[in-house]
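To start, the structure itself, in structure tokens.
In the text below, chain A, chain B and the rest are named by the order of the sequence lines, each starting its count at 1.
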There are 2 protein chains.
Amino acid sequence: MEDDDFDLGLRLRALRQLNGLSQRELAKRAGVSNAVISLIEQNKSSPSVGVLKKVLAGIPISVSAFFSEDLTPRQKVFYRAEDLTEIGSGNISYRQVGRDLSDRALQILHEKLQPGADTGETLLRHESEESGIIVSGEIELTVGDQRKILKAGDAFYFDSRIPHRWRNPGAKEAVIISACTPPTF
Amino acid sequence: MEDDDFDLGLRLRALRQLNGLSQRELAKRAGVSNAVISLIEQNKSSPSVGVLKKVLAGIPISVSAFFSEDLTPRQKVFYRAEDLTEIGSGNISYRQVGRDLSDRALQILHEKLQPGADTGETLLRHESEESGIIVSGEIELTVGDQRKILKAGDAFYFDSRIPHRWRNPGAKEAVIISACTPPTF
DNA sequence: TAATAGTGTTAAGAATAATAAGCAAACGAG
DNA sequence: CTCGTTTGCTTATTATTCTTAACACTATTA
């Protein structure tokens, strides 16, 4: 049932020892029994996130920091598909390559627009250039006074300073992969 | 039992809907029953991390990304104590302010050295300046040909290009807060 | 030696989460 | 309307985790 490359037990043990805590001491701080710590560290039980929160609070470390495997994320090069960070809301999903782009020249997004999704009345504007390809579904793109419906395989390129707007007019989900430079979105 | 400000159920629901999935469809992809999704989203049950992994894999999103609340971490200003990222190993714990420092001028560390901890024979060198204060315990700091034992309240400042070495000669844990600029450590 | 306190581990119940199945409401098609 | 489908939610049973209490081992002390 365990297949991920992330060894939860090992990581907990490392963090606990790194902070000079015994299983019993951590257990006391966390408000759980010492057996839990032992079993978790041996991967003999998979804690509920509630319990995990309590345990990590005793170290202390946040759940977020605990799972961020990028222990030395100085120059991260590879990102697994499911590791993209969601920065969207509503019915438009933006999955971004990397988290902090302040040092980068390029922002790559994996976008998914649900049927009817719309970036809204107030048109978008930012100081950059933007380009991408439609992967599936269809998209109505408005750039300045131009408007066109793009389908899978179609692409676009425009100066982001021109007011623009996205809409999914179809009944299916639309998927886009886009790039933006510099990342001012 | 739930006290954190992180609403797991709400977040799962948001991510699921953002990707246009029903509870049943997500359940099928994840290989769990639909009731699990329902109960988790209502915060009526706290999933084990094993189950959570499976569920998130069906979206898909990594556990790491799921818990990283910094959805728009563009300019993160405040960090909770337990949110510092551990970059240490062995019996020296380095908890760093922020993850990706490639755009920053300053690296701040919360260090904990277990009794006997030592940065090792081969002395450290890097292109920056370094300073800090001992919070508790005691530290033997060697910089070039100078060596001194610092106790709580003592401080240090030196050019990191000079070979240096840390050691905890005491029987108690030693805690230091240090800064490094630029962050080349 | 014996005693005491520390470590991690393990085996019983008690508490909790996951499954399978069924419920009611909303929706579109015929 | 009626049918079929989908939605999310709830309940009884099964499976898992958590607690309590013990065990074995080490190190220190009397």
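Atoms CD (A:Gln42) and C1' (C:dG8) sit 8 Å apart, rounded to a whole Å. Counting to the nearest Å, the C1' atom of C:dC23 and the CD atom of B:Gln23 are 14 Å from each other. Taking atom CG of B:Leu12 as the reference point, atom P of D:dG8 lies 11 Å away to the nearest angstrom. Rounded to whole Å, the distance from CG on B:Asn43 to C1' on D:dT10 is 17 Å. For A:Arg13 and C:dG8, the CZ to P distance is 8 Å, given to the nearest whole Å. One interatomic measurement links the two molecules: CD of A:Glu41 to C1' of D:dT17, which rounds to 16 Å at whole-angstrom precision. The CD-P distance, from A:Gln17 to C:dT7, rounds to 12 Å in whole Å. As rounded to whole Å, 14 Å separates atom C1' of C:dA5 from atom CD of A:Glu25.
Between the CD1 atom of B:Ile40 and the CG atom of B:Leu10 there is a distance of 14.0 Å, given to the nearest 0.5 Å. From B:Ser93, atom OG reaches atom CD of A:Gln17 across 12.5 Å, with rounding to the nearest 0.5 Å.
Looking at heavy atoms from C-beta onward, B:Leu52 lies in side-chain contact with A:Val49 at the 4.5 angstrom threshold. Taking 4.5 Å as the limit, some side-chain heavy atom of B:Glu25 sits within range of a side-chain heavy atom of B:Arg29. A 4.5 Å side-chain heavy-atom check between A:Lys112 and A:Val175 finds at least one atom pair inside the cut-off. Looking at A:Arg165 and A:Asp118, their side chains come closer than 4.5 Å, going by heavy atoms from C-beta outward. Counting heavy atoms from C-beta on, the side chains of B:Leu12 and B:Leu56 come closer than 4.5 Å.
Of the side-chain N and O atoms in A:Arg16, one or more sit less than 4.0 angstrom from OP1 or OP2 of C:dG8. Under 4.0 angstrom from either OP1 or OP2 of C:dT7 there lies at least one side-chain N or O belonging to A:Ser22. Distances shown here put a side-chain N or O of A:Lys44 below 4.0 Å from the OP1 or OP2 atom of C:dT10.
Consecutive pairing runs in DNA chain D reach the stem threshold at C:1-11 with D:20-30, C:14-30 with D:1-17, where a stem means at least three Watson-Crick or G-U wobble pairs with distances under 3.5 Å.
Under the 3.5 Å distance criterion, the side-chain polar atoms of B:Arg16 are matched with a main-chain donor or acceptor of B:Leu21.
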Counting primed atoms, P, OP1 and OP2 as sugar-phosphate and everything else as base, the B/S/- map of nucleotides 18-26 of chain D against protein heavy atoms under 4.0 Å is SBB-B----

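Using cut-offs of 30° and 60° on the angle between ring planes, the pair A:Phe66 and A:Phe6 is perpendicular.
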